[in-house]
Structure formats: C-alpha cells, structure tokens
Amino acid sequence: YINKGEGAEEHFDDAIWDKADHVFSGIARMGGQEHFYLETNACVVVPKPEDGEIEVFSSTQNPSETQSYVAQVAGVATNKVVCRVKRLGGGFGGKETHSIQLAGICTAAAVKTKRPVRCMLNRDEDILTSGQRHPFLARWKVAVNKDGKLQALDADVFANGGWSQDLSGAVVDRALSHIDGCYRIPNVHVRGRVAKTNTVSNTAFRGFGGPQGLFIAETYMSEIADRLDIPVEELRQINMYEPGDITHFNQELTDWYVPLMYKQVQEESEYARRRAEITEFNKTHKWNKRGLAIVPTKFGISFTAIFLNQAGALVHIYHDGSVLVAHGGTEMGQGLHTKMTMIAAEALGVPQGDVFISETATNTVANTSSTAASASSDLNGYAIWNACAQLNERLEPYREKLRQKGEDITMAKLAHSAYFDRVNLSANGFYKTPDIGYVWGPNTGQMFFYFTQGVTAAEVEIDTLTGDWTCRRADIKMDVGRSINPAIDYGQIEGAFVQGQGLFTTEESLWQRGSGTIFTRGPGAYKIPGFRDIPQQFNVSLLKDVEWANLRTIARSRGVGEPPLFMGSAVFFAIRDALKAARAQFGEAGVLSLQSPATVERIRLSCADWIVRRAEVRPAEGEKSFFLTI
C-alpha cells in the first residue's frame, strides 16, 4: 500500500515478516542527471506600446505557465501576454518549469526599460541554475519464500529536492507507484519523502521518478537473487505480473505483454547460449569480464495531477484546401508536430503536405498542459481528431454532392463550396483522459490510463584494471501499440536507451560540500554518452501481432517518450553481473550493492581484487570507510 496519509498500515499484514522464509534488507542509491539539452534556456520578451501587452518567445515546454508567470511579474492580466514557441532544442523536462525563471527575469527588465530583452544562458550558467533529475535513496526490506516468491515489500524512499519543492512531490508519487517494477508483491507498504537540501532545486526529467522507482525494484531483485543463489532472470520470471493482476495501487493490468516480450527477447537475443559463452569467457580471462542482463519495464502514462490530463486544438481550413493546425504541445525534437500532422491529414482525408503547424502559442490554444509525461500525442492527437470530426460533419453535405456528381472530392472544392454557403471552416477541439482519478490515502481510483511496456537484454565487457567498459550488444523490444509513426518511435527508443545508459553509468554530478554549488558544470567534467558508448550491436524492435483490446488512445498507440529510458539500466545490471564474476575470482563472496551511476571508479573499486585491497584503509571505531561508501 502506498502511504500518503494516515491509516496505511491497516492494509498491511505485519505477520508476513514472521511467516516468510527469508527477510532481506538493503539500500539503493541513485544519482541525479543533467538534462544537457543542445539549446540552453533562452528567452526574448517584447513589450508592446499599447495596454501593457507583452510578447514572449521562450524555449519552454510550458507556454501557458510561462504566460501566467510573466503576467504576474509584469503586473498585467494573463490576456495581455502571448507566449510563442516555434520549437526548442531539447527539453527532457528541464524546461517544464525551470525555463520560467529566465522568462521572469527578462520580463522584469523589458517592463522596466520598455525595450525588448533577450537572454540565452551559456552551458555553465544553465547547469548552475536549472536543476537536475532527483537523486534517490531507498531503504528497503523484502520478505521472500524459498521458492523465490516475493511476499512483502517495505521501503522508505527519499528524494533530494534541492532548496525548493518545485515538482518534487509529484516525482516521489511516480517513484512510489513504480517501485514494484513488473513484479507481483502481495503486501506493499512504501513511504516517500522529499529532502530539502542546499543544492539547486531539482526538477522534472524524462521519466519523472519512474526510473528511480524501477531502479529500486531491480536493485532488490538482484540482491535477493544473489542471497537465494538463484539466477536473477529466474527470480524475475517467477514473480512477474500476469494479465489481469492488480498492482499495489489497485490498478488492473490489461493488454499486459511483458511476459511475452521477456520470452521473445530471450529467444531473439539467444540469451541462454550467450550466457553459457560468457561463463566460459570469464573462466579464461582474468582481467576482462563480461556480463549479461535482461530487464523489463512498465511505465504508467498519465499526469498524476489529474487536471493536467486535458488538451485543446484549433483547426482552420482555407479556400485553397490547405489546413492550419494549432495545438497545445511544443515541438522539441521528439516529432510531436509530425505525428499531429499525420493525425489531422488522416482525419480530414488530405495529403500530409497540405497540413501545416506553424507554432505553439497561448493566443490560439489557451490553458494548455506542459508537453510532458509521454502523454502529448495522446492528448493533443485526440483534441485535433475532435476538431477534425466537427469539420467533417460540416463538410459531409458537400462531399455527398460531389459523390452524386461523380467528381473528385478534394478539400479545395469542399472548402470553396462551404465558404460560399457561410459554413464555419474553423473548429476548436478538446480532449480529456477518461477513467483516471486516483485518490492517495484510500488507495482508490485509476492512476494511469495505460502502461507502456518493454524488455531489454544487454551485454557488456569490463576491464577490471581500469573500470572501463564496452556495451557489446543490446536487444530492445517495446510495446508502443499501433505506432502512428514507427520511424519516430524507433528514434525515441534508441535515444531514450542511450540517455538512460548515461544516467546509470557515466553521468555523475559532483557538488561542493559547503556551498551546495554544482562542480560538474560542462562536458569537461560531466560525461554524457558519446558515439563510442552506443552498443556495438543495437537491435530495436516493436511488439507486433497482438491485440490491444482495451487500449483507447488515438490510433491505439502508446506514449513512447519516457518509458524506454529505464531500458538503459540493463547496461548497469550487466556491469553488475560482470563484477560478480570478477569478485568471485578474487574471493569476494559478499553481495554486491552497486550504486548508480556505475562510474569507472565504482567499477574498479567494486572488483575487490588484491590491488584494490592493498589501498584499503580500515576505519577506526566510529569512522566510515571511503572504500565501502564510494
């Protein structure tokens, strides 16, 4: 049971700890991540000469909130402010709320000077002020039987929120709802807290707490498997959710295909054969070790704040048959405008080339939600479809006339005839996600509209003398429903995987202890993945030949932006698998508790060979060992 209020303990069977064959506990630690979008935060504010009007051009994922805060700073009504977004060079959640502070600063200067003000941060300034993914700490306790069946999970989860709350509460919400991973646990009691620290305020990042919760789940699964001395792949299989099972937040799993994909990925990647080959390799190579891991994921699609699950759209048809579409989502390289163009073209029966999306602006579509939570295609797509349905209804009499005449039906003819009959060729569409409405505390209602699912197998080779590693192969299979645009979805999956791989391996943020200032303020100190880090053999596929009977999204597609990011953790757990072989060779029998990110320093020290042990300093009473806590 997720504890967000009083009385949660009443739903938890405390006797399970005495009934279970084993009770294991441990700690999972996970660092943050810098967004490192190509375009840093930028903004232009133009004050108008009349009535206090202000025009804002901002690199933001959230035009409506930018509009609202600029109005407050300028001391004018919201209707006097127009925020425009043509496109932005990447966001990843970092421009959901933290782009607004720059817009506010530029507004104050523009109002004061009555002149346009432009500001674009350099990389150091952006990292210093914009916040990161939340670092997490979890203390977990799990009850499990001898057959590997999980019986109970109890966990305290802490997120480093920085100096202000921002979105930290919602991030913890999502972490708690994903802490079960893909596994059925009869008794769950988890508590989440946001820690206030003296660092920059942390914020949204692709996954929004989901990867942190899923990482905690895979951490306790890996350590439990080691303690029970059974393969972790088998432990996952034993405890995996089946279709129709109920999660710890009381949501039924429909259209659930993780078990199927888990089987398919093992077969297609020849997992068993490669496992045997890796075992042989590790026996004959002292300083190089290989590891293999397969990791499943489920990611809930919907904003956890219910009011955000809405979208609007405006569709115009012109005399020549061309179509102009406006919607509430921003284009930041994820291909949203392309998908929306395709939806409008299909709905109206026109070529894609006749549909154009100019920009996202608050004077065309008002009160929009942030482009986030992997829900933008679902929300804005259905809003556009709704607007197009209204237009089709108005144009149907003219279609029928052309059919009776045996003429070609073109949008130009339809629009021309309708205009001269004084028919409105503009439509305002709207959509809100149905069914959802989770209530924290009573643990009632549906939290997510559906789950995007996937499975990834990864193989790595590590150099135990340096801690360096290479991803030799990755096999990813995602269930994205009936893809609107497979090319875009493949790109999203590949990009998210590599970004997730960076989160769990190379990307380590370092902070100055006294001031709380971040030290890793550029590519010289902060290492995002490069070309060399892409898996040498990279296989990505989409689930096919299944029915999505309960999926009621636009075109029966699934959100794809955030879910594949956690698939990058397969590299982390493959590294852990390789480290187990190295530690066994050097006589280290203890369970490895590996922190994320698995940097080369952590990998090297975790090998526990005689060279490392010679450098180890044993702590005196009351002291902590640097070797043990790095």
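The residues of the chain are indexed from 1 along the displayed sequence.
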**Student:** What heavy-atom pair brings Arg290 and Ile278 nearest, and what distance separates the two atoms?
**Tutor:** O-CG2, 3.3 Å

**Student:** Using the benzene-type ring in the case of Trp, are the ring centres of Phe448 and Tyr438 under 6.0 Å apart?
**Tutor:** no

**Student:** Please check: side-chain N/O of Lys477 versus main-chain N/O of Leu543, any donor-acceptor pairing under 3.5 Å?
**Tutor:** no

**Student:** Is there a donor in the side chain of Ser509 and an acceptor in the side chain of Gln132, or the other way round, less than 3.5 Å apart?
**Tutor:**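 Yes, side-chain donor-acceptor contact under 3.5 Å.
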
**Student:** Under the salt bridge (charged side-chain N to carboxylate O under 4.0 Å, His left out) rule, what do Glu218 and Arg236 come out as? Steps first, then yes or no, please.
**Tutor:** CA-CA 9 Å; Glu218 294 303 333; Arg236 292 189 178 107; 2.8 Å; yes

**Student:** Return the NE2 to NE2 distance between His337 and His327, rounded to the nearest 0.5 Å.
**Tutor:** 4.5 Å

**Student:** Does any part of the side chain of Leu324, heavy atoms only, come nearer than 4.5 Å to the side chain of Ser358, both counted from C-beta?
**Tutor:**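 Of all side-chain heavy-atom pairs linking Leu324 with Ser358, at least one is under 4.5 Å.
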
**Student:** Looking only at side-chain N and O atoms, does Ser168 offer a donor or acceptor that is under 3.5 Å from a partner on His134?
**Tutor:** yes

**Student:** Do Asp378 and Ile301 come within less than 4.5 Å of each other through their side chains, counting heavy atoms only?
**Tutor:**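 SC-SC contact between Asp378 and Ile301 confirmed.
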
**Student:** Is there a donor-acceptor pair under 3.5 Å between the side chain of Tyr450 and the backbone N or O of Gly559?
**Tutor:**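 Side chain of Tyr450 to backbone of Gly559: a pair is present.
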
**Student:** Please report the shortest heavy-atom distance between Val200 and Gly131, naming the atom on each side.
**Tutor:** CG2-N, 3.7 Å

**Student:** Could you report the tightest heavy-atom contact between Ala361 and Arg84, atom names first, then the distance?
**Tutor:**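 Ala361 and Arg84 have their closest heavy atoms at CB-NH1, 4.0 Å.
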
**Student:** Apply salt bridge (charged side-chain N to carboxylate O under 4.0 Å, His left out) to the pair Asp180 and Lys298, showing each step before the final yes or no.
**Tutor:** CA-CA 10 Å; Asp180 59 332; Lys298 72 168 179 15; 3.0 Å; yes

**Student:** Main chain of Phe451, side chain of Arg558: is a donor-acceptor contact present, judged purely on distance under 3.5 Å?
**Tutor:** yes

**Student:** Are the side chains of Ser377 and Met340 in touch, meaning some heavy atoms are under 4.5 Å apart?
**Tutor:** yes

**Student:** Output the distance between atom CG (Leu336) and atom CZ (Arg87), rounded to the nearest 0.5 Å.
**Tutor:**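 Leu336 atom CG to Arg87 atom CZ measures 13.5 Å (nearest 0.5 Å).
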
**Student:** With a 3.5 Å distance limit and no angle check, can you tell me whether Gln310 reaches the backbone of Leu308 through a side-chain donor-acceptor pair?
**Tutor:**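 Such a contact is absent between Gln310 side chain and Leu308 backbone.
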
**Student:** Going by atom types only, do Ser201 and Asp166 share a side-chain donor-acceptor pair under 3.5 Å?
**Tutor:** no

**Student:** Indicate the ring-plane relationship of Tyr37 and His35, choosing parallel, tilted or perpendicular according to the 30° and 60° boundaries.
**Tutor:** parallel

**Student:** Quick check, are the ring centers of Phe572 and Phe215 under 6.0 angstrom apart?
**Tutor:** yes

**Student:** Does Phe449 offer a backbone N or O that forms a donor-acceptor pair with the side chain of Ser302 under 3.5 Å?
**Tutor:**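 Yes: the side chain of Ser302 pairs with the backbone of Phe449.
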
**Student:** Could you check whether Arg206 and Gln499, counting side-chain N and O atoms only, form a donor-acceptor pair closer than 3.5 Å?
**Tutor:** yes

**Student:** Do the non-hydrogen side-chain atoms of Asn202 and Pro135 ever get within less than 4.5 Å of each other?
**Tutor:** yes

**Student:** Taking the six-membered ring where the residue is Trp, are the ring centres of Phe538 and Phe497 under 6.0 Å apart?
**Tutor:** yes

**Student:** Would Lys544 and Asp479 count as a salt bridge (charged side-chain N to carboxylate O under 4.0 Å, His left out) if you check the C-alpha gap in whole Å, the side-chain angles of each, and the deciding distance to 0.1 Å?
**Tutor:** CA-CA 8 Å; Lys544 299 176 181 177; Asp479 175 11; over 6 Å; no

**Student:** My understanding is that only one of Thr371, Thr368, Thr330 makes a side-chain contact (heavy atoms from CB on, under 4.5 Å) with Ser376; could you say which?
**Tutor:** Thr371

**Student:** Do Phe208 and Phe205 have ring centroids that are under 6.0 Å from one another?
**Tutor:** no

**Student:** Quick check: do Asp126 and Glu34 have side-chain heavy atoms less than 4.5 Å from each other?
**Tutor:**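 Yes - at least one pair of side-chain heavy atoms lies under 4.5 Å apart.
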
**Student:** Strictly distance-based, threshold 3.5 Å: is any side-chain N or O of Thr247 a donor or acceptor partner for the main-chain N or O of Gln251?
**Tutor:**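 Looks like yes, one N/O pair under 3.5 Å.
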
**Student:** For Lys95 and Thr60: C-alpha separation, side-chain torsions, deciding distance, then whether side chain to side chain donor-acceptor pair (under 3.5 Å) applies.
**Tutor:** CA-CA 5 Å; Lys95 297 174 182 176; Thr60 181; over 6 Å; no

**Student:** Between the side chains of Gln33 and Glu507, does any donor sit under 3.5 Å from an acceptor?
**Tutor:** yes

**Student:** Within the 3.5 Å criterion, strictly below it, is a donor on Asp354 or Ser322 matched to an acceptor on the partner's side chain?
**Tutor:**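 Side chains of Asp354 and Ser322: no pair found under 3.5 Å.
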
**Student:** Roughly how far, to the nearest 0.5 Å, is CD of Glu494 from CG of Asp489?
**Tutor:**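 The CD atom of Glu494 is 11.0 Å from CG of Asp489, to the nearest 0.5 Å.
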
**Student:** Rounded to the nearest 0.5 Å, what separates atom CZ in Arg29 from atom CG in Leu137?
**Tutor:**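 Reported to 0.5 Å precision, the distance equals 5.0 Å.
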
**Student:** Check the side chains of Ser59 and Glu39 for a donor-acceptor pair under 3.5 angstrom, ignoring hydrogens and angles.
**Tutor:** yes

**Student:** Where does the angle between the aromatic ring planes of Trp256 and Tyr241 fall among parallel (under 30°), tilted (30 to 60°) and perpendicular (over 60°)?
**Tutor:** perpendicular

**Student:** Only one of Val460, Thr219, Val232 clears side-chain contact (heavy atoms from CB on, under 4.5 Å) with Phe573; which?
**Tutor:** Thr219

**Student:** Rounded to the nearest 0.5 Å, what separates atom CE in Met478 from atom OG1 in Thr452?
**Tutor:** 6.5 Å

